[in-house]
There are 2 protein chains.
Amino acid sequence: MADTKAKLIDGAVRVLAAEGLQGASARAIASAAGVNQALVFYHFGSVDRLLAEACRWATESRVALYRERFAAASSVADLLAVGRELQAAERAAGNVTVLAQLLAGARTDPRLAPAVADGLGLWIAEIESVLTRLSGSMPFADLFDVPGLARAVAAAFIGLELYEGVDPDGAAAALDALERLAVLTEVLDGLGPVARRALRSKIRRTGTR
Amino acid sequence: MADTKAKLIDGAVRVLAAEGLQGASARAIASAAGVNQALVFYHFGSVDRLLAEACRWATESRVALYRERFAAASSVADLLAVGRELQAAERAAGNVTVLAQLLAGARTDPRLAPAVADGLGLWIAEIESVLTRLSGSMPFADLFDVPGLARAVAAAFIGLELYEGVDPDGAAAALDALERLAVLTEVLDGLGPVARRALRSKIRRTGTR
DNA sequence: GTCTATACATGGATAGAC
DNA sequence: GTCTATCCATGTATAGAC
């Protein structure tokens, strides 16, 4: 990739993380990239399109970075631990913040929407493959609609990231609570055959609605 | 409340819902409210402060509207049903969207942050009281850190609202998946004494980490 | 490809008449 | 309290020299 284009994309990511969508002007981005403002339009045509590119790039590089960690997760607790690690790392690097900011902007900017949807899709695909693996070895797999859950997890994570911006302590408490709740899956996982049979019949009686 | 102030707050809410934070300029808001642009500054001093007021108002009126429905929920499935109903209603009225937009903006606008935190706090308090009630009648209440879970639920809901903007079908699938998962709590709730004892000892063995 | 300069629009905010 | 008019900063985007 051309040097200047890369610098601009990197600058866009950094500005989005630091100043949000509001501060992501062509001038601010070019300044962060250390290049001339006019080059934004020469290389990308508009600020929108630069932001869309930045979204794709930031997401791809970040997902790739965490792919092996996701692959190593062997329980829901592991998955939450990766999530926590990811969140801590992103507090500094802020690439999830980029996605959150663009997600909020995409609602009113149709040019941004497809790029953001793609970016989120990468995370969702990753989570989906972990959940598929995990639910395969679980006793009550029919309770888990993996594609839907993956979307719920991704959306929740974005929401938590935004929430952290206004209440860091609250966000930490939320993650703690989820981790504690995750013990439940381990419990179900390690259940003896008798209790398991009782649960299963109860599920059948309750139905899936 | 003075007529013009009310009109401006209402205009701000409508513009935020329709055009997002990006489109929420003094001129756009005043136009939506049918009043003169200069009145934004006369009554509120700045656009920021008007948005903060709008956040408080939109949240308070909306939370009040749903208070009785929350109070009527007697299971996790009920709570999710209220959430689904709320989401459908907000697709039209868009007051949760307002909160989501302002949450994204609050990251870089310190004047907005406290108002948004307060607004979210109202929802969290409501969810917290439902969860307290529900977990009281549940067999494994010690797995539920109610304040943390309430924050997680609120943040997740905001995330879903934003996600819906770029992928409505995906958001619907996510809600479906959560509803299906909620069957698990009903199952636990209606467990016989033998299975319950087995689960409880398993929890003790697994620990709360 | 990159720079300077600039046209042009939008938005925050204020002054001053009514 | 409300209006018109206006100032000034910022932002998008382009033209044209290098």
Side-chain angles (χ1 to χ4, degrees), chain A residues 1-55 57 98 101-102 104-113 115, chain B residues 1-55 57 98 101-102 104-113 115:
Chain A
M1 186 187 289
D3 197 40
T4 302
K5 281 184 89 165
K7 274 192 215 160
L8 279 170
I9 288 176
D10 182 61
V13 170
R14 290 216 312 278
V15 170
L16 276 172
E19 322 280 350
L21 189 56
Q22 300 287 314
S25 69
R27 290 196 217 271
I29 292 170
S31 161
V35 305
N36 190 279
Q37 172 259 144
L39 295 177
V40 168
F41 304 97
Y42 176 80
H43 285 289
F44 297 94
S46 74
V47 178
D48 285 326
R49 279 197 280 266
L50 167 53
L51 293 180
E53 284 288 307
C55 178
W57 187 87
V98 168
Q101 288 292 318
L102 293 177
R107 189 170 207 89
T108 50
D109 187 340
R111 268 177 173 166
L112 228 46
Chain B
M1 184 186 292
D3 196 39
T4 302
K5 282 185 87 164
K7 275 192 215 162
L8 279 170
I9 288 176
D10 182 61
V13 171
R14 291 216 311 278
V15 169
L16 276 171
E19 322 279 350
L21 189 56
Q22 300 286 314
S25 68
R27 287 174 158 90
I29 293 170
S31 161
V35 305
N36 190 280
Q37 173 259 144
L39 295 177
V40 168
F41 303 95
Y42 176 80
H43 286 290
F44 297 94
S46 74
V47 177
D48 285 325
R49 278 197 280 267
L50 167 52
L51 293 181
E53 283 288 306
C55 178
W57 187 87
V98 169
Q101 288 291 318
L102 294 177
R107 189 170 205 88
T108 51
D109 187 340
R111 269 177 173 166
L112 228 47

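Chain letters run A, B, ... following the sequence lines, proteins first, then strands; residues in each count from 1.
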_Is the phosphate of C:dT2 approached by A:Thr4 (side-chain N or O, under 4.0 Å from OP1 or OP2)?_
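Yes.
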
What is the separation between atom [atom1] on [X] and atom [atom2] on [N], rounded to the nearest whole Å?
X: B:Phe41; N: C:dG16; atom1: CZ; atom2: P; result: 18 Å
X: A:Leu50; N: D:dA13; atom1: CG; atom2: C1'; result: 14 Å
X: A:Phe44; N: D:dA13; atom1: CZ; atom2: P; result: 14 Å
X: B:Leu51; N: C:dG12; atom1: CG; atom2: P; result: 9 Å
X: A:Gln37; N: D:dA9; atom1: CD; atom2: C1'; result: 15 Å

Using the side-chain heavy atoms of [X], tell me which of these nucleotides is nearest: [options].
X: A:Ala38; options: C:dG1, C:dG12, C:dC3; result: C:dC3
X: B:Asn36; options: C:dG12, C:dT2, D:dT4; result: D:dT4
X: A:His43; options: C:dA13, D:dT14, C:dG1; result: C:dG1

_Those residues of residues 15-30 of chain A lying under 4.0 Å from DNA chain D by at least one heavy atom_ = A:Ser25, A:Ala26, A:Arg27

*asked:* Any non-hydrogen side-chain atom of B:Gln22 less than 4.5 Å from a side-chain atom of A:Gln22?
replied: yes

*So what does A:Val47 touch, heavy atoms closer than 4.0 Å: a base, only the sugar-phosphate, or nothing?*
sugar-phosphate

